[in-house]
Every structure is written in structure tokens, then in C-alpha cells.
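If you're wondering where the values come from, they're calculated on a predicted model, not measured in any experiment.
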Amino acid sequence: MAANVSFRWLEILENDFDKAFVDLDLLLGEIDPEQYELTCDGRQKMTALSAAFAQLWHKAQTIFQYNVKLEVSIQFSCSGNYIYFNWWDKFSLFFFIIYSITNF
């Protein structure tokens with residue numbers, strides 16, 4: 001199922017983000033103490049970036065979970081016949097789910 005790939009992709013993306021975040025934090029730690037304002041501003045922006053990534057990660061996880069539920073319901077609601085959606089149907093469904101999640 002596509003769900004396994006989606007969740008694995010999300011895990012890889014999170015690990016890559018964590019590594020880059022730590023590397024950037026270490027880089028900011030190497031700035032001269034005289035430029036404290038630059039370090040402080042950089043860390044504030046990293047905090048905002050981290051919060052935005054966390055929100056994106058949770059929304060993507062919700063979409064992937066909802067996609068799994070839809071795949072299962074489609075498989076079992078059609079008397080055992082699996083319905084294949086073309087890429088446009090999946091694309092439309094994806095944006096419908098995003099619209100639904102962001103407009104509670």
C-alpha cells in the first residue's frame with residue numbers, strides 16, 4: 001500500500017530535518033560572542049522554522065492516515081473489487097483533504 005511508503009517518507013524527512021537543524025545550531029554556536037545578536041536572531045528563526053515544520057509534519061501525518069482509511073473503505077465497500085484511481089483523482093482528493101484540514 002502507498003501508506004507504508006508515505007509514512008516511511010515522513011520518517012526520513014523528519015530525520016533529515018533534525019540533522020540539518022542540529023548542524024545549523026552548531027554553526028550558530030561557532031559565531032563570535034561579540035555577535036551575540038546575530039546568534040540570538042538566528043536561533044529565534046530556527047525556533048519559528050521548527051514550529052512550522054512540526055505543523056507541516058502533523059498535517060501530512062493526518063493526510064496519510066486519512067488516505068489509509070479511504071483506501072481501506074474503497075477496497076471493502078465495493079464488494080471486494082478494488083477500484084483504481086488515476087493520478088488526477090488522487091490529486092483532487094489530496095487537495096480536498098488539505099482544504100478540509102485547514103478550514104475547520
Side-chain angles (χ1 to χ4, degrees):
M1 281 183 118
N4 293 334
V5 174
S6 300
F7 287 113
R8 180 70 183 135
W9 170 81
L10 198 56
E11 183 180 324
I12 291 169
L13 184 65
E14 181 183 17
N15 288 337
D16 289 345
F17 180 83
D18 289 343
K19 288 176 189 175
F21 191 86
V22 169
D23 289 344
L24 185 57
D25 190 42
L26 291 173
L27 184 66
L28 283 174
E30 294 176 5
I31 296 177
D32 292 333
E34 297 171 356
Q35 296 180 339
Y36 175 75
E37 293 172 5
L38 179 64
T39 303
C40 188
D41 288 343
R43 289 209 166 113
Q44 285 177 347
K45 295 196 184 310
M46 285 176 58
T47 301
L49 183 64
S50 179
F53 180 80
Q55 289 179 4
L56 178 64
W57 189 89
H58 286 294
K59 288 185 187 257
Q61 184 180 32
T62 302
I63 289 169
F64 294 154
Q65 288 172 346
Y66 189 67
N67 191 30
V68 169
K69 289 179 184 178
L70 287 175
E71 286 179 359
V72 169
S73 68
I74 288 171
Q75 286 176 352
F76 292 110
S77 67
C78 298
S79 302
N81 296 331
Y82 183 75
I83 297 174
Y84 176 75
F85 285 103
N86 62 25
W87 69 271
W88 180 250
D89 292 332
K90 290 181 180 180
F91 185 77
S92 300
L93 181 62
F94 174 74
F95 280 102
F96 172 73
I97 293 168
I98 289 177
Y99 177 80
S100 299
I101 290 172
T102 57
N103 293 312
F104 280 120

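- For the side chain to side chain donor-acceptor pair (under 3.5 Å) condition, the pairs that include at least one residue of residues 28-53, sequence neighbours left out, are Asp25-Arg43.
- Remark: Leu13 CG to Phe53 CZ distance equals 4.0 Å, nearest 0.5 Å.
- By the 4.5 Å side-chain criterion applied to Ile, Leu, Val, Met, Phe, Trp and Tyr, Val22 is assigned to a cluster that also includes Leu26.
- Within the structure, side chain to side chain donor-acceptor pair (under 3.5 Å) pairs that include any residue of residues 13-23 do not occur (at least two apart or interchain).
- Cluster partners of Leu56: none. The rule joins Ile, Leu, Val, Met, Phe, Trp and Tyr whenever side-chain heavy atoms lie under 4.5 Å apart, and it links nothing here.
- For the residue pair Leu28 and Gly42, the shortest heavy atom distance occurs at CD1-C, 3.7 Å.
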